[in-house]
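This report refers to the structure that appears directly beneath it.
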Protein chains: 2
Amino acid sequence: MTSAEQPASPRKKVGRRPGSADTRLVVLEAARAEFAARGYEKASMRAIGRAAGVDAALLHHYFGTKDRLFLAALEFPVDPQMVVEQVIAGDRATVGERVAGFVLGLWEQPEVLTRMLALVRVAATTEQVAQLMRGFVQEELVRRVAVELDVERPELRTELMISQIVGLAMARYVIGVEPLASATREELLPLLAPTFQRYLTGE
Amino acid sequence: MTSAEQPASPRKKVGRRPGSADTRLVVLEAARAEFAARGYEKASMRAIGRAAGVDAALLHHYFGTKDRLFLAALEFPVDPQMVVEQVIAGDRATVGERVAGFVLGLWEQPEVLTRMLALVRVAATTEQVAQLMRGFVQEELVRRVAVELDVERPELRTELMISQIVGLAMARYVIGVEPLASATREELLPLLAPTFQRYLTGE
DNA sequence: CGAGAAACTCAACACATGATGAATTCCTCT
DNA sequence: AGAGGAATTCATCATGTGTTGAGTTTCTCG
């Protein structure tokens with residue numbers, strides 16, 4: 001039970017608004033937040049509209065269906081090509097540290113964190129999205145990383161690293177277990193780096 | 001076209017059934033499967049009923065509300081006390097291997113896997129369950145494990161291990177990314193064991 | 001055998017949801 | 001200035017949901 005509204009009903013007015021705020025962007029922000037917080041099914045068009053200060057029908061006007069709103073809201077926020085080039089490829093002796101630093105840094109940007117959380121949450125319950133994510137992970141991440149490695153079973157190792165990253169996100173941000181959730185980058189880095197280092201380069 | 005003779009619609013009959021199949025158990029099984037497959041919100045009482053070959057109202061007759069059905073379906077399938085005693089406590093030099101072996105073995109039992117998946121899926125989208133799980137992890141798992149360890153930040157390290165386990169479950173069973181999803185216990189064990197070993201006992 | 005409880009289904013309610021089409025207001029371009 | 005289109009809301013529909021109460025059949029126990 002979470003509805004607290006202003007007593008005076010704000011009485012929206014029909015028709016185009018004066019001025020030119022970029023409503024479309026506001027909607028996307030609201031959608032991201034809502035999807036991240038509640039997952040795909042539970043995030044309702046009406047709630048997203050409300051959060052954006054807009055009627056739900058407008059979302060349909062812009063994006064057609066809820067599916068398409070979701071896709072529009074979730075453009076993957078980082079370019080995997082760049083990540084691989086700048087982080088994985090490079091001095092092999094310190095790759096674990098770089099990966100850990102990169103991931104932890106990424107999560108310190110609120111917009112990125114929001115999108116990642118939305119992805120994880122939704123992938124967990126919506127088969128369609130899980131499938132989409134499987135394809136993305138396999139083709140955009142694993143292949144690109146694995147080719148840089150010089151160990152046996154490079155895909156398996158890459159995926160183990162990713163699984164540690166996803167699990168960490170779940171534990172910190174979805175479940176919110178303490179003290180992990182409040183641990184700083186400086187505390188986590190020395191614990192994570194060796195794990196990634198070993199996954200990627202062997203003993 | 002009003003006379004339905006063939007089982008296009010199987011036409012259930014009202015009233016108590018003859019014989020004595022344990023319907024309550026059938027319902028619980030169906031509920032577990034449905035919750036695991038779709039998550040809490042998307043799993044509908046009607047669908048669970050259908051899967052159990054039973055009217056949705058019967059679920060209410062047995063369990064009252066959907067919440068209570070969910071709780072009844074999800075009794076945690078393993079006793080944490082025993083796990084800690086038999087797995088964590090013990091020869092410190094090989095604890096990582098034991099943990100990895102235990103977890104991988106656990107997931108080979110289909111009923112256990114189903115419940116775990118239901119928990120992960122639901123915790124990802126339903127704040128209430130996430131909260132429940134946070135409490136469980138902190139009080140039933142982390143504290144019991146951490147007290148056995150002889151390293152700095154034992155809770156943090158325990159939680160990192162758990163996060164790797166949860167992430168692995170997501171990657172293998174929820175996302176289903178290959179080759180991780182099809183990797184055998186024998187392939188995974190030597191890669192996971194050192195991770196757990198280091199988390200739990202330091203370098 | 002008979003009564004009462006248990007197991008079971010049916011029909012319905014109250015509500016929330018995604019979607020649509022019409023109506024209104026404003027902006028842009030000639 | 002005026003026309004056409006974009007932005008926006010409103011009312012409404014069809015559907016699916018959790019839940020309830022009443023009715024029917026079978027079991028159990030005296």
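A note on names: the letters A, B, ... follow the listed sequences, proteins ahead of strands, and every chain is numbered from 1.
- Per the geometry, CG belonging to B:L58 stands 15 Å off C1' belonging to D:dG18, to the nearest Å.
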(request) Going 5' to 3' through nucleotides 16-23 of chain C, assign each nucleotide B (protein heavy atom under 4.0 Å from a base atom), S (under 4.0 Å only from sugar-phosphate atoms) or - (no protein heavy atom that close). (result) -BBBBB--

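- A side-chain donor-acceptor contact under 3.5 Å links A:S182 and A:E178.
- Although no hydrogens or angles enter the test, the distance criterion places a donor-acceptor pair under 3.5 Å between the side chain of B:R98 and the main chain of B:V87.
- Remark: C1' of D:dT19 and CD1 of B:I48 are 14 Å apart, rounded to the nearest angstrom.
- Distances shown here put a side-chain N or O of A:Y62 below 4.0 Å from the OP1 or OP2 atom of D:dT8.
- Using modelled atom types and a 3.5 Å distance limit, the side chains of B:R198 and A:T195 yield a donor-acceptor pair.
- When the shell of 6.0 Å around CD of B:E75 is examined, it contains 12 or fewer heavy atoms from other residues, nucleotides or ligands.
- Whole-Å rounding puts the B:L59 CG to C:dC10 C1' distance at 15 Å.
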Donor-acceptor list for residues 41-49 of chain A side chains, cut-off 3.5 Å, not counting sequence neighbours:
residue	atom	partner	partner atom	Å
A:E41	OE2	A:T126	OG1	2.8
A:S44	OG	A:A47	N	2.9

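- The separation between A:H61 atom NE2 and C:dT25 atom P is 17 Å, rounded to whole Å.
- Formation of a donor-acceptor pair under 3.5 Å by the B:R157 side chain with backbone atoms of B:E152 is found in this model.
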